[in-house]
*Asks:* 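Right, I'll just put the structure down here and ask away after.
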Amino acid sequence: VWLSQIADLGGVHLVGAVVAAVAGAAAERALGEASARRRWVGSIAAAAMVAVSVGYGAWRISSLPIQDGPTIGVVQPNIPQDAKVFAVRSKDEWAEARVDVHRTMERLTRELVAGEEKPDLVVWPESSYLNIVEWDLREGRYVENEAYRQLAAYARLAGAPLAVGCEVVEHVPGVRGSERMLNAMLLVDPEAGIVGRYAKVHLVPFGEYIPWRDVVEPIVKRWTKMER
């Protein structure tokens, strides 16, 4: 926690630079290919960077007002990535995988809320709900289909608002080519249903979208099962 506070000075790049410096110094000492002087200089520089970063972090945290906040329950199922990727499975395998993942999430959520301290918010990770939620562009609202009702049921199970990662498709019903897929985090209220959404902005090329689609898509479809 102390080390990460330098992010308010240089963001993830500064934190990454400190981590890289420590890793580089450790690698030089382990491999023994650099001169002794260089290894010592690298180690001292990396140690100094860590010391300064931790010192700044300790000061920064001590200067912040601390107050009680909401209790957040996090459900982390450790599901293998290939269990969540449609492209590597047949339709029957994909249907079975969805059921298995959702059962796991439901079981872990039950265990979480069965504890003595009840959460004010329950968080499921990215791509933890595998049915697609639909947003009707014409009506400007979510389609209250099976996926919508199932998410509301999971929020009622949690007994608190549920933040859940899933795919959302925006489209005009009946209009082919109007679809736009989003990798989103939805906020689901036990009574009101879906009340908020954040869509991921910086998508992973070739993992979450195909760059230069007109050129690349014919090649990708020839050698993989990637669909979008």
*Asks:* Check whether any side-chain heavy atom of Met49 sits under 4.5 Å from a side-chain heavy atom of Val22, and report yes or no.
*Replies:*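 No, every pair of side-chain atoms sits at 4.5 Å or beyond.
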
*Asks:* Once you round to the nearest 0.5 Å, how far does OG of Ser43 lie from CZ of Arg38?
*Replies:*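 One gets 11.5 Å once the value is rounded to the nearest 0.5 Å.
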
*Asks:* Can a cation-pi geometry be assigned to Arg180 and Trp135, taking NZ or CZ under 6.0 Å from the six-membered ring centre and within 45° of the ring axis?
*Replies:*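 Judged by the rule, Arg180 and Trp135 form no cation-pi pair.
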
*Asks:* Could you go through the side chain to side chain contact (heavy atoms under 4.5 Å, CB included) check for Leu157 and Arg110 one step at a time?
*Replies:* CA-CA 7 Å; Leu157 169 66; Arg110 289 184 185 277; 3.5 Å; yes

*Asks:* Write down the atom of Val113, the atom of Ala158, and the distance for their closest heavy-atom approach.
*Replies:*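 Closest approach of Val113 to Ala158: CG1-O, 3.3 Å.
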
*Asks:* Ignoring hydrogens and angles, state whether a donor on the side chain of Glu167 or Asn183 is under 3.5 Å from an acceptor on the partner side chain.
*Replies:*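 Side chains of Glu167 and Asn183: no pair found under 3.5 Å.
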
*Asks:* Under a 3.5 Å threshold, yes or no: a donor from one side chain and an acceptor from the other, between Trp2 and Ser53?
*Replies:*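 No - no donor-acceptor pair under 3.5 Å links their side chains.
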
*Asks:* To the nearest 0.5 Å, what is the distance between CG on Leu151 and CG on Leu187?
*Replies:*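 Interatomic distance, Leu151 CG to Leu187 CG, rounded to 0.5 Å: 11.0 Å.
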
*Asks:* Measuring only between side-chain heavy atoms, which start at C-beta, is Ile132 closer than 4.5 Å to Val168?
*Replies:*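 SC-SC contact between Ile132 and Val168 ruled out.
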
*Asks:* Should Val74 and Trp124 count as side-chain neighbours, where that means a heavy-atom distance under 4.5 Å?
*Replies:*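 Not in contact.
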
*Asks:* Tell me whether Val54 is reachable from Trp59 by hopping between hydrophobic residues (I, L, V, M, F, W, Y) whose side-chain heavy atoms are closer than 4.5 Å.
*Replies:*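 Yes, same cluster.
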
*Asks:* Is the Tyr154 ring parallel, tilted or perpendicular to the Tyr129 ring (thresholds 30°, 60°)?
*Replies:*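 Tyr154 and Tyr129: perpendicular rings.
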
*Asks:* Would you say that more than 12 heavy atoms from the other residues, nucleotides or ligands in this model lie under 6.0 Å from the CD of Glu179, or not?
*Replies:*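 Enclosed.
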
*Asks:* After noting the C-alpha distance and the side-chain angles of Tyr56 and Leu9, does the key distance pass the side chain to side chain contact (heavy atoms under 4.5 Å, CB included) rule?
*Replies:* CA-CA 10 Å; Tyr56 172 80; Leu9 300 177; 3.7 Å; yes

*Asks:* With a cut-off of 6.0 Å (strictly less than), are more than 12 heavy atoms of other residues, nucleotides or ligands near CD of Glu146?
*Replies:*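 Result for CD/Glu146: open.
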
*Asks:* Do Ile72 and Asp120 touch side chain to side chain, with heavy atoms closer than 4.5 Å?
*Replies:*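 No; the side chains remain at least 4.5 Å from each other.
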
*Asks:* Would you say Ser178's side chain and Val175's backbone share a donor-acceptor pair under 3.5 angstrom?
*Replies:*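 A pair under 3.5 Å: yes.
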
*Asks:* When you compare the side chain of Val195 with that of Val188, does any pair of heavy atoms fall below 4.5 Å?
*Replies:*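 Counting from C-beta outward, Val188 and Val195 never come under 4.5 Å.
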
*Asks:* Minimum heavy-atom separation for Gly159 to Pro190, with atom names?
*Replies:*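 Nearest heavy atoms, Gly159 then Pro190: C-CG, 4.5 Å.
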
*Asks:* Do you know the tightest heavy-atom contact between Leu186 and Arg197?
*Replies:*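 The answer is CD2-CG, 3.5 Å.
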
*Asks:* Compare all side-chain heavy atoms of Gln150 with those of His102 and state whether any distance is below 4.5 angstrom.
*Replies:*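 Yes. Closest side-chain heavy atoms under 4.5 Å.
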
*Asks:* Using a 4.5 Å cut-off on heavy atoms from C-beta on, say whether the side chain of Pro77 contacts that of Val101.
*Replies:*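 No; the side chains remain at least 4.5 Å from each other.
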
*Asks:* Nearest 0.5 angstrom please: Gln5 CD to Ile61 CD1, how far?
*Replies:*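 Between atom CD of Gln5 and atom CD1 of Ile61 there are 4.0 Å.
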
*Asks:* Can you tell whether the side chains of Arg149 and Glu144 come within less than 4.0 Å, N to carboxylate O?
*Replies:*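 Here Arg149 does not pair with Glu144 in a salt bridge, since their nearest N and O are not under 4.0 Å apart.
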
*Asks:* Looking at Glu28 and Arg39, does any basic side-chain N land under 4.0 Å from a carboxylate oxygen?
*Replies:*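 Arg39 and Glu28: not salt-bridged.
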
*Asks:* Taking everything shown except Arg29 itself, do over 12 heavy atoms lie less than 6.0 Å from its CZ?
*Replies:*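 Enclosed: over 12 neighbouring heavy atoms sit under 6.0 Å from CZ of Arg29.
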
*Asks:* CG of Leu64 to CZ of Arg60: how many Å apart, nearest 0.5 Å?
*Replies:*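 So the CG of Leu64 and the CZ of Arg60 are separated by 4.5 Å.
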
*Asks:* Can you find a heavy atom in the side chain of Val122 that is under 4.5 Å from one in the side chain of Val75?
*Replies:*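 SC-SC contact between Val122 and Val75 confirmed.
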
*Asks:* Salt bridge or not for Lys200 and Glu126, using N-O below 4.0 Å?
*Replies:*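 Salt bridge present between Lys200 and Glu126.
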
*Asks:* Any donor and acceptor pair, going by atom type alone, linking the side chain of Asp136 with main-chain N or O of Arg141 inside 3.5 Å?
*Replies:*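 Looks like no, no N/O pair under 3.5 Å.
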
*Asks:* Would you name the heavy atoms of Ser4 and Val15 that are closest together and state the gap between them?
*Replies:*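 That closest heavy-atom pairing would be O-CG2, 4.3 Å.
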
*Asks:* Out of Val164, Leu182, Ile194, which one pairs with Val133 under the side chain to side chain contact (heavy atoms under 4.5 Å, CB included) rule?
*Replies:*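 Of all the options given, the one that passes is Ile194.
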
*Asks:* Assess the residue pair Asn131 and Tyr148 against the criterion (side chain to side chain donor-acceptor pair (under 3.5 Å)); give the C-alpha distance rounded to whole Å, side-chain angles, the decisive distance to 0.1 Å, and a yes or no.
*Replies:* CA-CA 9 Å; Asn131 291 329; Tyr148 185 98; over 6 Å; no

*Asks:* Which atoms form the tightest heavy-atom contact between Met105 and Pro125, and what is the distance?
*Replies:*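 Reported closest heavy-atom pair: CE-CD, 4.0 Å.
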
*Asks:* Check step by step if side chain to side chain contact (heavy atoms under 4.5 Å, CB included) holds for Leu121 and Val123.
*Replies:* CA-CA 7 Å; Leu121 173 69; Val123 179; 4.0 Å; yes

*Asks:* Are Glu134 and His171 close enough, and set up right, to give a side chain to side chain contact (heavy atoms under 4.5 Å, CB included), and what steps lead you there?
*Replies:* CA-CA 8 Å; Glu134 298 181 48; His171 67 113; 2.8 Å; yes

*Asks:* Starting from Leu14, can I reach Val1 by hopping between I/L/V/M/F/W/Y residues whose side chains sit under 4.5 Å apart?
*Replies:*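 Same cluster.
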
